[in-house]
Amino acid sequence: MNLLEARDVSVRFGSFTAVDKVSVNVGPGERVGLIGPNGAGKSSLFAALSGFEDAGGGTIRFNGRDVTGYGPVRRARAGLGRTFQVPKEFAHLSVRENLMTAAPSQAGESLLSLLFAASRVARQEKEIGAEADSHLEFLNIAHVANESAVRLSGGQKKLLELGRVLMTGPKLILLDEPFAGVNPVLIGEISDRIRELSGQGISVLIVEHNLNALSQLVDRLYVMDRGRIMAEGKPDEVLASDIVREAYMGGVA
Amino acid sequence: MEAYLIAIAVYALVYLLMGLGLNLHYGFTGLINFGHVGFFAIGAYASCLLTLAGYPMPLGFALALLLPALAAIPIGYLSLRLRSDYLAIVTLGFSEVVRLAIINEKWLTNGVQGVPGIPDVAQGFGLPVSGSVAALIVLLIANALAIALVYRLTRSPFGRAIQAIRDDEEAVRALGKDPGSFKIRVFMIGASLAGLAGAIYGHYITYITPEQFLPLVTFYVWVAIILGGAGKVSGTIVGTLALMTFLEGSRFLRDLLPGVSEVEMASVRLFVIGLALILLVRFRPSGIMGDWTSGGTQR
Amino acid sequence: MKNLQMNRRHVLAGLGTTAALATVGLPVKHARAAGSPAMIGALNPVSGAGSAYGSGMQKAIIMAAEEINAAGGAAGQMIEVIGEDTQTSPEAAVNAAKKLVEVNNVGAILGTWSSGVTLAVMPITTAAGVPLMCTSGAPAISTEDKADLVWRFQATNDRFGRAFAKIADREGYKTAATMAFNNASGIGNTEGFKKSWGGEIVGDVVYEPKRPSYRSELQQVMASNPDVIVMGSYLPDTTIILREWFQLGGKNKWIIPGWAANDKLVEALGAEVCEGVISVESVSNESAESYAHFDKGYQAATGSPASSNVYAAMTYDMMIVWGLAMAAAGEGADSAAVNAKLRDVGNPDGAEVYTFADGVEALKSGPINYQGASSRLDFDEYGDVTPDFGMSVIKDGKIERVAVVSI
Amino acid sequence: MTVAYLMNLAVNGAVEGLLVGLLALAVTLVFGVARFPNASAGDVAMVGAYSGWLLQSAIVSLGPLSLVFAGVTAMASAALVSLALYWLVFRALSGRVGVYALIASIGAAFVLRSVVTFFLGHDQQVFAVPLTRALSIGPLRVLPIDLWVGAIALAAMVCVFVILRMTAMGRRMRAIADNPQLAMVSGIPAARTMSGLWLMAGALSGLAGCLLGLKTVIAPEMGWDLLLPAFAATILGSVGNPLGAVIGGVIIGIAQEVSTPFVGFTYKIAIGFVVMLLVLLVRPEGLFVARARVR
């Protein structure tokens with residue numbers, strides 16, 4: 001049974017069709033890749049899947065429920081987390097605070113419990129803090145925990161976003177170019193982390209231009225061009241096919 | 001001599017209470033609220049009219065906290081749908097609509113004739129001191145509580161969430177949190193603080209008219225929080241003191257410029273205040289204490 | 001262009017010096033011994049809605065103080081005038097009043113203009129026992145003045161309204177409409193008129209200030225085509241309304257307060273528009289010698305005639321009357337003692353005097369009745385003057401007194 | 001309360017709206033390109049009105065021609081003051097959040113007003129112009145001055161529209177409006193383009209000030225009082241859209257005046273803001289989002 005089933009999802013900006021009746025699916029714990037040249041509509045598809053854009057007549061089912069009508073907040077609560085192509089860190093909060101903010105249903109966010117249940121809030125803060133620390137270790141950015149997020153490098157900001165989405169306890173994470181601006185050594189580490197996540201049953205759909213890093217990481221690969229899925233299958237088969245070569249190398253629209 | 005300093009202290013503490021509310025809106029949550037004087041006016045008229053109708057002053061203060069909060073709900077909702085510079089003009093419109101309503105509803109507010117003979121704070125709380133000293137005491141307490149409340153709020157998960165909204169609202173949505181409920185609650189708290197400031201101001205000055213609640217008051221509160229450093233409680237405090245120094249200090253410029261006649265003095269004062277605004281925004285944009293972007297994670 | 005970053009120390013230092021200058025600037029508390037000058041506060045609307053009158057009012061006070069000092073001062077004390085601007089806003093006026101009372105230790109505050117400002121300042125001056133003299137019209141000022149410390153040199157608005165009613169009857173108008181500037185004095189005038197006029201009120205508009213046009217308000221009033229339109233207004237709005245009325249071919253008559261229908265209105269609109277407009281003002285004592293004396297001095301000080309700013313004559317009288325009361329109360333008298341003497345200086349059966357110098361002279365031999373430049377200055381039980389009203393009509397650009405109406 | 005009565009109210013509202021729209025034109029240009037509501041626009045207009053009046057009173061003998069010169073002087077002086085404000089105050093703030101420039105513009109407004117009141121005092125001034133009777137067009141009674149206000153406002157709108165759409169300077173302004181960083185990087189002479197913008201905004205404000213002075217009186221606070229309606233019109237017509245600014249002004253003007261028989265003359269001002277609010281609830285970006293807008 002698929003965790004995510006998107007059918008005929010379309011995204012239009014005025015007269016321009018960025019995503020044209022695209023269907024994709026991701027199984028539980030599965031690692032799926034999505035590649036395509038710039039402007040193929042990958043980020044627009046992510047926006048539709050995460051609820052920031054309308055599904056344009058298509059349907060999106062997640063974890064057995066039809067979430068087409070859900071906004072980004074309800075979809076995230078249902079376990080469909082995402083990161084952004086350009087990192088959207090909380091610039092003037094510390095890295096640790098960035099992660100702690102993401103923890104769901106915090107008593108400390110209700111004014112009543114803040115004033116009348118201070119001890120419960122304090123206790124929960126410790127738990128959330130510990131959880132954040134573990135993720136920071138997991139992504140080995142613990143050494144910058146107290147830095148203002150704005151001062152991080154591009155790669156570190158990507159890790160911060162990953163850590164943040166993990167705090168929400170997602171079932172599926174839409175990773176938008178996790179390796180962009182990240183040094184090769186770190187790419188290996190991030191790949192291992194992602195493999196461990198899927199080991200814990202968390203599936204990922206990854207948009208990435210670093211084809212060889214991606215092909216070693218994912219079980220399945222979609223190729224997208226001019227708003228449509230051109231091919232799908234095992235990474236090595238798909239990469240060898242002429243469709244990909246044409247989309248990437250020659251005859252690019 | 002001291003009574004004048006008390007008067008200036010009361011004037012400063014009223015602006016500080018409003019500043020703490022507005023700093024919560026803009027400094028911590030990024031909400032550009034240019035209608036703060038609207039909440040100030042609602043609080044002033046609520047408490048003064050209620051106490052004139054014979055109800056005890058504490059009840060008047062309670063209403064001065066409640067009504068602005070209720071008025072803030074629709075505006076909180078609007079802040080979700082509108083871009084921040086649009087929100088600035090819409091809230092400016094809100095404060096003008098409040099003022100026009102006060103002018104027009106003569107049956108309730110006595111309109112432009114204003115409300116004279118309002119019981120002062122000493123009478124209201126049975127304090128054996130003069131009206132202005134009583135106002136000063138009540139204002140010191142109110143500001144202390146407000147500062148404690150703001151510190152408590154901004155250091156809690158709630159505080160983290162609203163600052164996250166300030167830094168990137170879209171990312172907050174992607175993490176499964178609804179900015180709406182936070183923004184509306186922040187608007188309500190800030191509005192209540194402004195309402196309380198209005199109530200104490202009304203009972204201090206014992207005569208209120210619609211022309212005391214013009215947009216200029218909102219501009220002055222904005223200057224205070226930006227001058228001191230938005231997003232920092234210490235910034236609001238220092239900013240309010242700096243604002244008072246300009247507003248009242250320029251009153252004594254005449255003693256330094258003997259050649260200028262009284263009549264031209266008004267123009268010189270306006271010139272000094274205007275120039276000060278430009279210079280400080282130009283050369284010290286992040287405020288005297290540095291705003292939320294320049295400090296570490298210290299609030 | 002490198003951004004010249006002032007670091008925190010510079011800014012705090014800058015603020016520190018401003019605050020220090022502020023305290024240095026505060027004169028030490030004056031002992032009211034003879035010889036040290038008597039401090040008088042001139043709290044006038046130099047900016048804001050009353051700005052057209054504030055500077056003239058302040059100059060008139062200074063002029064009167066110079067006259068008193070030239071005659072050797074009052075009760076041995078020279079007068080020093082401290083000017084402050086109310087900005088025609090109650091909030092700013094309250095702080096200015098506090099400063100005058102507490103820092104400058106003024107014996108009296110003269111010349112608040114708008115009713116809102118006077119009502120806001122009264123609690124402060126009354127609490128400090130400092131007399132306040134104003135030119136505001138709101139009736140509430142009399143009822144709120146419980147300590148008899150507030151003196152009004154202008155007729156109350158409802159008295160103006162009654163004068164308008166008498167003039168409307170005199171002219172035989174049957175139907176009237178009112179247009180009121182939406183503030184305490186504007187509405188006070190038209191309400192006073194409506195209460196005391198026997199004829200039919202066919203229209204009643206209250207308009208907001210500072211509008212780019214008053215066409216719609218005029219349209220409503222002219223639709224009820226009244227014989228006369230009675231105004232409670234100020235110069236800027238009256239200029240716009242009359243201009244638009246004329247251009248719309250209006251034929252009605254107008255009754256307008258003198259502070260709005262004066263030479264400046266004729267200068268702005270020309271004689272043809274203002275032809276036949278009735279201007280009503282509390283009668284300045286034009287016939288009195290003191291008015292001529294004041295007019296000469298005012299023209300020298302401001303370059304415009306006394307008739308262009310009727311409030312200036314009032315503030316001039318305030319200073320003169322206070323000086324005379326100081327002389328009557330004798331050396332070292334405090335404000336309360338001087339305040340008590342105010343009625344004696346203007347009581348009807350005293351010797352009539354027209355200048356400060358004559359007054360001081362005549363005081364030696366008994367009670368005096370100072371005839372002010374603005375009015376006879378006979379205060380009623382509320383401390384309000386009860387002037388008569390002059391009805392003037394504008395004929396080819398000239399404002400000619402036609403009759404005097406007493407209430 | 002006949003239809004003619006309402007139509008006259010609508011005409012009054014439209015004329016007032018065009019006057020507000022003219023100032024809103026200047027506001028929307030700066031708001032769209034420099035991304036902040038310029039609170040000094042009103043006082044720049046006031047400076048234009050005063051300079052126009054100063055010149056006109058000197059050459060009254062030339063009759064109506066003196067008004068044309070007055071208008072040109074008003075536009076020129078206001079444009080120069082506006083340019084000076086850009087170079088002295090706003091240029092250094094271009095990188096910062098809009099709120100800072102807004103507060104600096106409030107400071108600039110105070111400075112301009114204090115200089116004018118220091119030298120020219122607080123008394124009201126008036127353009128020396130012969131008064132003409134209203135024209136009757138069917139049931140409508142229209143003042144000649146109002147026709148001039150309407151014609152000039154529409155002409156100004158068309159000029160701005162043409163400049164933005166057809167000229168190189170206009171294209172550069174729209175580029176800066178769309179993406180300031182990208183524009184800077186791609187070699188657009190920002191200083192020259194922004195100077196052109198502020199000159200144009202200043203000239204429009206000066207024109208608005210002059211017409212307002214002609215229609216009413218010239219006083220120190222005339223510009224400040226026109227600012228709030230101009231902001232509302234700018235927002236209603238979508239920030240950065242010259243067409244929207246004028247039409248926004250007209251819509252608010254008509255709504256205000258036509259509402260007077262129902263809500264009275266005080267609440268009519270509130271109606272302006274309520275109309276803006278209702279439109280924003282339906283279209284958070286204002287009426288004219290796409291097409292001819294600077295941003």
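Values below: all heavy atoms of this structure, side chains included; hydrogens, waters and symmetry mates excluded. Nothing here was measured: the structure is a model prediction, and the numbers come from that model. Throughout, protein chains are lettered first and strands after them, A, B, ... in sequence-line order, and every chain is numbered starting at 1.
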With respect to chain C, which residue among D:T117, D:V129, D:V15, D:L9 yields the maximal number of heavy-atom pairs within a distance under 4.5 Å? D:L9

Side chains of [X] and [Y]: does their closest heavy-atom pair fall under 4.5 Å?
| X | Y | answer |
| --- | --- | --- |
| D:D123 | C:K264 | yes |
| D:L143 | C:R215 | yes |
| C:V206 | D:F265 | no |
| C:Q219 | D:T260 | no |

With a 4.0 Å cut-off on N to O distance, would you call D:E16 and C:R211 a salt bridge? yes

Distance col, row D:N12:CG vs C:Y214:OH, nearest 0.5 angstrom, shows 14.0 Å

If you round to the nearest 0.5 Å, how far is CG of D:N8 from CG of C:L218? 12.0 Å

C:E208 vs D:K268, salt bridge (charged side-chain N to carboxylate O under 4.0 Å, His left out): CA-CA, chis, key distance, verdict: CA-CA 10 Å; C:E208 280 308 304; D:K268 78 171 185 182; over 6 Å; no

Out of C:P209, C:A223, C:S213, C:G270, which one racks up the most heavy-atom pairs below 4.5 Å with chain D? C:S213

Can you name the nearest heavy-atom pair linking D:L131 to C:L269, along with the distance? CD1-O, 4.0 Å

Could you tell me whether D:F262 atom CZ has more than 12 heavy atoms of other residues or ligands within 6.0 Å of it? yes

Cut-off 4.5 Å, heavy atoms of chain C, and the answer for D:L135 is neither

Given that the side chain runs from C-beta out, which part of D:F127 has a heavy atom under 4.5 Å from chain C: side chain, backbone, both or neither? neither

Polar side chain donor-acceptor pair, C:T239 to D:Q124, under 3.5 angstrom: yes

Suppose a student defines contact as a heavy atom less than 4.5 Å from any heavy atom of chain C. Which residues in residues 213-228 of chain D would they list? D:L214, D:K215, D:T216, D:V217, D:E221, D:D225, D:L226

